[in-house]
Number of protein chains: 2
Amino acid sequence: MNRTTLKDVAARAGVSHQTVSNVLNDHPSLRPATRARVLDAIRELDYHPNQAARALRQPQTTTLCCVFYDAAPVDIADPYRNLIQSAFIASAQAHGYSMTTAFVRRSSPEDHRALRSAFLQQRFGGALLIGSSLSAEQVAELTSWQLPAVLFDQQLPGSGVANVNADYAAGMAQLVAHHAAQGRTRLALILPGDDPGSTALERRQGFVSATRQRGLDAQIVEGDWTAASGEAAFLALWQGGPKPDAVLAGNDRMAAGALRAARQLGLDVPQQVAISGFDDFEFARYTAPTLTTVQVPYAEMAQVAVGLLAGQVGGQATNELAAPSQRRLPTRLIVRESA
Amino acid sequence: MNRTTLKDVAARAGVSHQTVSNVLNDHPSLRPATRARVLDAIRELDYHPNQAARALRQPQTTTLCCVFYDAAPVDIADPYRNLIQSAFIASAQAHGYSMTTAFVRRSSPEDHRALRSAFLQQRFGGALLIGSSLSAEQVAELTSWQLPAVLFDQQLPGSGVANVNADYAAGMAQLVAHHAAQGRTRLALILPGDDPGSTALERRQGFVSATRQRGLDAQIVEGDWTAASGEAAFLALWQGGPKPDAVLAGNDRMAAGALRAARQLGLDVPQQVAISGFDDFEFARYTAPTLTTVQVPYAEMAQVAVGLLAGQVGGQATNELAAPSQRRLPTRLIVRESA
DNA sequence: TTGATTGATTTGAACGTTCAAATGAATTCA
DNA sequence: TGAATTCATTTGAACGTTCAAATCAATCAA
């Protein structure tokens, strides 16, 4: 249990503890011979610096925190969150950071307090804020905690916080164009509400302007990103009045539900109705029919987001903050069988 | 930037710093009046204890680490890992712990070194070890780092390490019984290799004994848990000689691939061939036909695993270690359309 | 030769908490 | 009443690192 410390290494190498510290933080002025001697001692004693002690002196940790804001308690099966969460962790590890995750119910003051407390107790090196519709005040509070932050999949103009997004509006426009090219004229979109700055809003705006531009019939029905809501929304469309000849689900998960609903109704997809998704998750290749969708480069976006944070943490924080990065990555239409 | 410390609170409350510490760690002997006064001061100053300083004194942190051992670089789309990872994080948060995740390529000495280093540098409160086929030596090394550990989805008899599993053999037996009840006589199982202690081995053994017991035709073909491998394995089965009338995929993901292969071959499922999965992930309800599978209570298992760790960390570590918990949760057959 | 300058290393304090021991006040018992 | 016991609180050191300043040795310009 008695771990070896800086002093043990120093004794072994015949130098002072500070010299060992200098080696660890590769200080510029160090004689190569000394450095080598210290490194030998470190290896021989199998020394590993105590991060707690290090963190006590330094302003920030080498740990990042990614925060998921959700309306409900976390949905552990959500492929969107799961995918980007894993991508974040993998990217952080590649950058030499470790990553912790926090789930916050958006309407729970208790969760907010717990998060705030965690941020003040652990001194994270940075934070990734995911999940639609953070308010300006919330972000202001977060940034007031003095740590570098990156917004993911959320726009907040004028907040001065870096953010990473995909070009959702363009993706939606491509998708509408594709449906139109297939001769579809009556489009329905399943999508959650339009919180400002959210990806939902961008997808909605892309849909609205693209359909308007082409003079297509367009309607929007409510879904909440879940498969069940996609199924319910599709069924509702077929109970109501004028039926669309193409149903665009706002994400792949709702599209899976829509496909299931169409199958229940005995509809032929894509003959009688086209169905498309958005995300291009793995299962989109394994539905029947396979799902036409828009590919969002989530893994790459996650890398960019962590890279921004790592860069900020690395030192030139002020530079970055002065001109916060706004990164927007392209989406890509993936045509399969369903549309 | 100047944060408030114990001493600030002490000054405000008119007590010594140690008394504040006692309040924080709710020491038994404390006059209610004093405690209240200190709590007031804490609230008024918005004090949050510095975890780094706390970690420096105490032997372990309030952070857990879950380690995924994989053959390949992490597959960020893997629903199995994603699901349990999220469940771990959520459970840890509910227990007041934070959770970091590490990905280790099983064959990479570099990754092992990095993990070891991380374990020695950060003093995690405990570790969750996931992923098949850790060797006894590996586990011995891990436990030699003196922190509580729980093996997840892996058996290692005699290792003295707590573990959490589902009853995979029984689940597989139920599944075989179901296929037999439907009149199937020639069963094929798609499954990865049989590393000792792995869930793959348990599933395999359940399959072998159940088919033998019933005198059914049985064969096993290789897959690697991915959908693509399930698809390839299914196609290979149909190229070879005697065709099965039921294909059991070792997990839902491979089952998705098998369904896709059957569709490519123009086979009617379940008329011409039954297909079943294992896991009961969300998409199993959204394939066409919907997937008959075995439900594994991963979320619950994760809660149990974190609970064991939290209990160990909480203090009675020695007790737990003396009689390491072996928890095995039941599985449940879910009959849908595909079999 | 000497004083100034640079480079390499050491010394001692500090970070904010908890532990161990010491103190003081209040209660109990003979 | 006084000693022993318990409870409540305080004091000072310690955890293992980094920072700031101090020291020492070596090089350089005058």
Side-chain angles (χ1 to χ4, degrees), chain A residues 1-39 41-42 45-63 117-123 125 146 315, chain B residues 1-39 41-42 45-63 117 119-123 125 146 313 315:
Chain A
M1 186 62 210
N2 265 341
R3 305 192 2 147
T4 73
T5 77
L6 258 188
K7 291 187 177 164
D8 302 328
V9 176
R12 174 100 179 196
V15 296
S16 77
H17 61 107
Q18 180 59 23
T19 300
V20 179
S21 174
N22 286 338
V23 170
L24 289 175
N25 303 293
D26 45 44
H27 193 82
S29 59
L30 260 178
R31 228 174 11 170
T34 326
R35 153 181 249 105
R37 202 142 37 92
V38 170
L39 288 175
I42 288 177
L45 296 177
D46 188 32
Y47 165 73
H48 296 266
N50 180 327
Q51 289 298 341
R54 183 170 265 187
L56 183 56
R57 286 313 307 250
Q58 291 183 334
Q60 353 106 344
T61 320
T62 174
T63 298
S117 195
F119 272 47
L120 293 170
Q121 293 189 14
Q122 337 246 35
R123 302 274 202 75
Q146 310 261 5
Chain B
M1 187 61 212
N2 265 344
R3 306 191 2 148
T4 73
T5 78
L6 261 188
K7 292 186 179 166
D8 302 329
V9 176
R12 174 100 180 198
V15 297
S16 77
H17 60 107
Q18 180 59 22
T19 299
V20 179
S21 174
N22 286 339
V23 170
L24 289 176
N25 302 292
D26 44 45
H27 192 81
S29 59
L30 259 177
R31 227 172 17 167
T34 323
R35 152 181 249 104
R37 200 142 38 90
V38 170
L39 288 175
I42 288 177
L45 296 177
D46 190 29
Y47 165 73
H48 296 265
N50 181 327
Q51 289 298 341
R54 180 170 268 187
L56 182 56
R57 284 313 309 246
Q58 292 183 332
Q60 354 104 344
T61 319
T62 175
T63 298
S117 195
F119 272 47
L120 293 171
Q121 292 188 14
Q122 336 245 40
R123 305 274 201 75
Q146 310 262 5
V313 180

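A note on names: the letters A, B, ... follow the listed sequences, proteins ahead of strands, and every chain is numbered from 1.
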I want to confirm an ordering. Mapping B/Ala53 and B/Val15 to their closest nucleotides on DNA chain D, which one lands closer to the 5' end?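 Nearest nucleotide further toward 5': that of B/Val15.
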
Has the side chain of A/Gln58 got a donor or acceptor atom sitting under 3.5 Å from an opposite partner on the base of C/dC15?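 Flag unset: no donor-acceptor pair detected.
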
Is a donor-acceptor pair below 3.5 Å formed from side chain B/Arg57 to base C/dT17, judging by atom type as modelled?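 It does not, because no donor-acceptor pair links the side chain of B/Arg57 to the base of C/dT17 below 3.5 Å.
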
Just N and O in the side chain of [X]: are any of them under 4.0 Å from OP1 or OP2 of [N]?
X       : N      : value
A/Thr19 : C/dT10 : yes
B/Thr34 : D/dA8  : no
B/Ser16 : D/dT10 : yes
A/Arg54 : D/dT18 : yes
A/Asn25 : D/dT18 : yes
A/Arg31 : C/dA8  : no
B/Thr5  : C/dC15 : no
B/Ser21 : C/dT17 : no

Show the numbers, then the answer: is there a side chain to side chain contact (heavy atoms under 4.5 Å, CB included) between B/Thr19 and B/His27? CA-CA 9 Å; B/Thr19 299; B/His27 192 81; over 6 Å; no

Rounded to whole Å, how long is the line connecting atom [atom1] of [X] with atom [atom2] of [N]?
X       : N      : atom1 : atom2 : answer
A/Leu30 : C/dT6  : CG    : C1'   : 15 Å
A/Lys7  : C/dG12 : NZ    : P     : 11 Å
B/Asp26 : D/dA8  : CG    : P     : 14 Å
B/Gln60 : C/dT17 : CD    : P     : 19 Å
A/Asn50 : D/dA14 : CG    : C1'   : 13 Å
A/Gln18 : D/dC19 : CD    : P     : 8 Å
B/Leu6  : C/dC19 : CG    : P     : 12 Å
B/Tyr47 : C/dG16 : OH    : P     : 10 Å

How would you label the contact of A/His27 with the nucleic acid (heavy atoms, under 4.0 Å): base, sugar-phosphate, or nothing?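 Nothing: the residue A/His27, judged by heavy atoms under 4.0 Å, touches no strand.
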
Side chain to side chain donor-acceptor pair (under 3.5 Å) assessment of A/Gln51 paired with B/Gln122: CA-CA 6 Å; A/Gln51 289 298 341; B/Gln122 336 245 40; 5.8 Å; no

Would you sort out whether B/Asn25 and B/Arg54 count as a side chain to side chain contact (heavy atoms under 4.5 Å, CB included), showing the intermediate values? CA-CA 11 Å; B/Asn25 302 292; B/Arg54 180 170 268 187; 3.7 Å; yes

A/Arg35 (side chain) donor-acceptor with A/Asp26 (main chain) under 3.5 angstrom: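 Checked: no pair found.
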
Let's go through B/Val23 and B/Leu30 carefully: what are the C-alpha distance in whole Å and the side-chain angles of both, what is the deciding distance for side chain to side chain contact (heavy atoms under 4.5 Å, CB included) to 0.1 Å, and is it a yes or a no? CA-CA 8 Å; B/Val23 170; B/Leu30 259 177; 3.8 Å; yes

